[in-house]
Amino acid sequence: LFSKADAFFYAVMAGAGEGYLVAFALESGMDPIYSGLLATLPLFFGGVLQFFVHNWVEKRGSYHSFTYLGSFLQALAFLPLIISALFKFESFPIFLMINSFYWVMAFAVAASWNVLMSSIIPHPVRNSFFSNRSTYTYSGMFLGMIFSGTILQWGRMNGNVIEYFAYIFLLSMLARIVSSFFLKKHSLITNAIKHSQRLTLKQWHAFIREAKIGKVMLFAALFKIPIYLASPFFIPYMIKEIKMSYVAFMIVISAALVGKILISRKLDWLASKLSMRKLLFFSGLGIALIPFLWIVSRDIYYLIFLQIFSGMAWGGFEYSFFLTVLNELPRNDQARFMSLYNLLNASAIIVGSILSALSFSHPLFALDSYIYIFILSGIFRTSSLIFFPQFFQKMQSSWRRKLIMRPFGIRPNQGPVDRPVIIDQQEN
């Protein structure tokens, strides 16, 4: 019960707050380049700095307390945003610092939460428990997005939309505080937590050089860099270029969530029919085509359909990628892989974000900058798939065990971001 309540209120925060910081920066008058970077650069800082936070927690063995205290600190990141909205203040460095702190806490709490849950939830009921929990998460995200879109549209109609951002940030902060309260309840029932093994730099290097994992890392880098080439500009494109109402914006970004839910019920069946490699490839191909499809039409119904397709493609990709890789690894190597994946993802974010900012501001892209960025991203995404067979040729086509996934956050252009729950190292 505590975990489901935590999931719901956490998701309300994610749906109401995460997808609207870039919109807030745009409404405050910030340049689209800087506003777009607020969607990606904080993920880089969060992905890198969370290692230091997690190591500090691990040395002290304080997983119980950090999980709820870290989530409470994450909630407080909304407080300066509330003040900024009320006083109509905007600053890229300050917003970047606030959002980066939010994501440092998000990544660190997720790692701590993973260890905590693996000790609390009995092995026989884990699949059903996390499947049930995801229902509460998706429901909370959907309600949070609907609330924010409705409130902001009301604010726009009243001619003072900036002030109404304070209300959605307040809701987000209160929802995460309530979530942290339920996380604290876990400490009353959990047993001692096992520590994960910390690796030396030499061991990290040796792990990366392992043949299969090295190729997977290379594929992830090649595929993720062009994704972050375009992702900073989807929200500016919708709000500034297309000039969507906030109701339309809310419906469009919610459509990706619908697509994710629809495909999640069919993934096991698709994997058994197509094979895991084919599901991974075709999902990746769908993701590669998305930037091209965004420039076809600005019709709201078309974009809703496109976002449903996007959510389905991302759902298939995350499921098949993590299941293919983690089934190749011994249990005690899975946490290491996820740490490496997060670090690699952070590297792809910084490279893709820098390239996107340079490209968007280049004189050659002065006219129709969004269109050129989307085309460039689509070309590089598709090109990276040419090397797909070489990276996954030795991987298994089937799976030996089911993968437990949990929604980690939300991205307006792809819906909920799911990550695997890594079960305790000593279990088989």
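- Side-chain atoms of Glu27 and Tyr246 include a donor-acceptor pair closer than 3.5 Å.
- Note: Ser384 OG to Ile227 CD1 = 7.5 Å, rounded to the nearest 0.5 Å.
- Nearest approach of Ser148 to Ala16, heavy atoms of both residues: OG-O, 2.8 Å.
- Each of Ile354, Leu355, Ile349 was compared with Val351 under the side-chain contact (heavy atoms from CB on, under 4.5 Å) criterion, and only Leu355 meets it.
- Residues Met13 and Glu18 meet the side-chain proximity criterion, which asks for heavy atoms closer than 4.5 Å.
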Derivation of the side-chain contact (heavy atoms from CB on, under 4.5 Å) call for Ile373 and Tyr237:
CA-CA 11 Å; Ile373 288 292; Tyr237 180 70; over 6 Å; no
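- In this structure, Ser310 contributes its side chain and Leu306 its backbone to no donor-acceptor pair below 3.5 Å.
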Pair Tyr102-Phe78, ring-ring contact (aromatic ring centres under 6.0 Å, His included): steps then yes or no
CA-CA 8 Å; Tyr102 173 92; Phe78 287 102; 5.5 Å; yes
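- The local environment of OH in Tyr164 is crowded, with over 12 non-hydrogen atoms from other residues, nucleotides or ligands closer than 6.0 Å.
- At most 12 non-hydrogen atoms from other residues, nucleotides or ligands lie less than 6.0 angstrom from CZ of Phe72.
- For the pair Ser100 (side chain) and Leu96 (backbone), a donor-acceptor distance under 3.5 Å is present.
- The heavy-atom pair separating Phe101 from Ala77 by the smallest distance is CD2-CB, 4.0 Å.
- Enclosure of atom CZ in Phe142 is not indicated, since only 12 or fewer non-hydrogen atoms of other residues, nucleotides or ligands lie within 6.0 angstrom.
- Residue Ser320 comes nearest to Gly316 through the heavy atom pair OG-O, 2.6 Å, listed as atom of the first residue, atom of the second, then distance.
- Side chains of Val252 and Ile300 form a contact here, defined as non-hydrogen atoms less than 4.5 Å apart.
- Residue-environment remark: NZ (Lys88) exceeds the threshold of 12 foreign heavy atoms within 6.0 Å.
- Looking at Phe292 and Thr382, their side chains come closer than 4.5 Å, going by heavy atoms from C-beta outward.
- A donor-acceptor contact closer than 3.5 angstrom is absent between the side chains of Asp6 and Tyr136.
- Around CZ of Phe92, the count of heavy atoms belonging to other residues, nucleotides or ligands within 6.0 Å exceeds 12.
- Here the OG atom belonging to Ser28 is positioned 9.5 Å from the CG atom belonging to Leu81, to the nearest 0.5 angstrom.
- Taking a 6.0 Å sphere around CZ of Phe380, one finds it holds 12 or fewer heavy atoms contributed by other residues, nucleotides or ligands.
- Closest of all the heavy-atom pairs between Ala175 and Val12 is CB-CG1, 3.9 Å.
- In the displayed structure, Tyr138 atom OH is contacted under 6.0 Å by more than 12 heavy atoms of other residues, nucleotides or ligands.
- Rounding to the nearest 0.5 Å gives a distance of 9.0 Å between CD1 of Ile287 and CG of Leu385.
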Candidate pair Met30 and Phe95, rule side-chain contact (heavy atoms from CB on, under 4.5 Å), full reasoning:
CA-CA 11 Å; Met30 192 175 292; Phe95 285 1; 3.7 Å; yes
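- With contacts defined as side-chain heavy-atom distances shorter than 4.5 Å, the pair Tyr319/Leu270 does not qualify.
- The heavy-atom pair separating Val22 from Ala39 by the smallest distance is CG2-CB, 3.6 Å.
- You'll find the side chain of Ser283 stays beyond 4.5 Å of the side chain of Phe321, heavy atoms only.
- Residue Leu37 holds its CG atom at 12.5 Å from CZ of Phe44, rounded to the nearest 0.5 Å.
- Side chains of Val247 and Leu152 form no contact here, defined as non-hydrogen atoms less than 4.5 Å apart.
- Atom CG of Asp31 is separated from atom CG of Leu26 by 9.0 Å, given to the nearest 0.5 angstrom.
- Between Phe165 and Phe24, the angle of the ring planes lies from 30° to 60°, which puts this pair in the tilted group.
- Ring orientation note: the planes of Phe219 and Phe317 are tilted relative to one another, at an angle of 30° to 60°.
- Side-chain atoms of Phe147 and Leu143, non-hydrogen and from C-beta on, never get closer than 4.5 Å to each other.
- Put simply, CE on Met145 and OH on Tyr20 are 7.5 Å apart, with the number rounded to the nearest 0.5 Å.
- Using a 4.5 Å cut-off on side-chain heavy atoms (C-beta onward), Arg176 and Leu183 make contact.
- Applying the side chain to side chain donor-acceptor pair (under 3.5 Å) test to Thr40 and every residue at least two apart in sequence or in another chain returns Ser353.
- Judged by distance alone, the side chains of Ser377 and Arg381 do bring a donor and an acceptor atom under 3.5 Å apart.
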Could you walk me through whether Gln307 and Trp294 satisfy the side-chain contact (heavy atoms from CB on, under 4.5 Å) test, starting with their C-alpha distance in whole Å, then the side-chain angles of each, then the deciding distance to 0.1 Å, before giving a yes or no?
CA-CA 9 Å; Gln307 281 290 86; Trp294 265 89; 3.7 Å; yes
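- Between Ser71 and Ser180, the closest heavy-atom pair is OG-CB, 2.9 Å.
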Leu293 vs Phe309, test: side-chain contact (heavy atoms from CB on, under 4.5 Å). Steps then yes/no.
CA-CA 10 Å; Leu293 297 175; Phe309 171 77; 4.1 Å; yes
Stepwise ring-ring contact (aromatic ring centres under 6.0 Å, His included) check, Phe234 with Phe374:
CA-CA 9 Å; Phe234 281 106; Phe374 292 163; 4.9 Å; yes
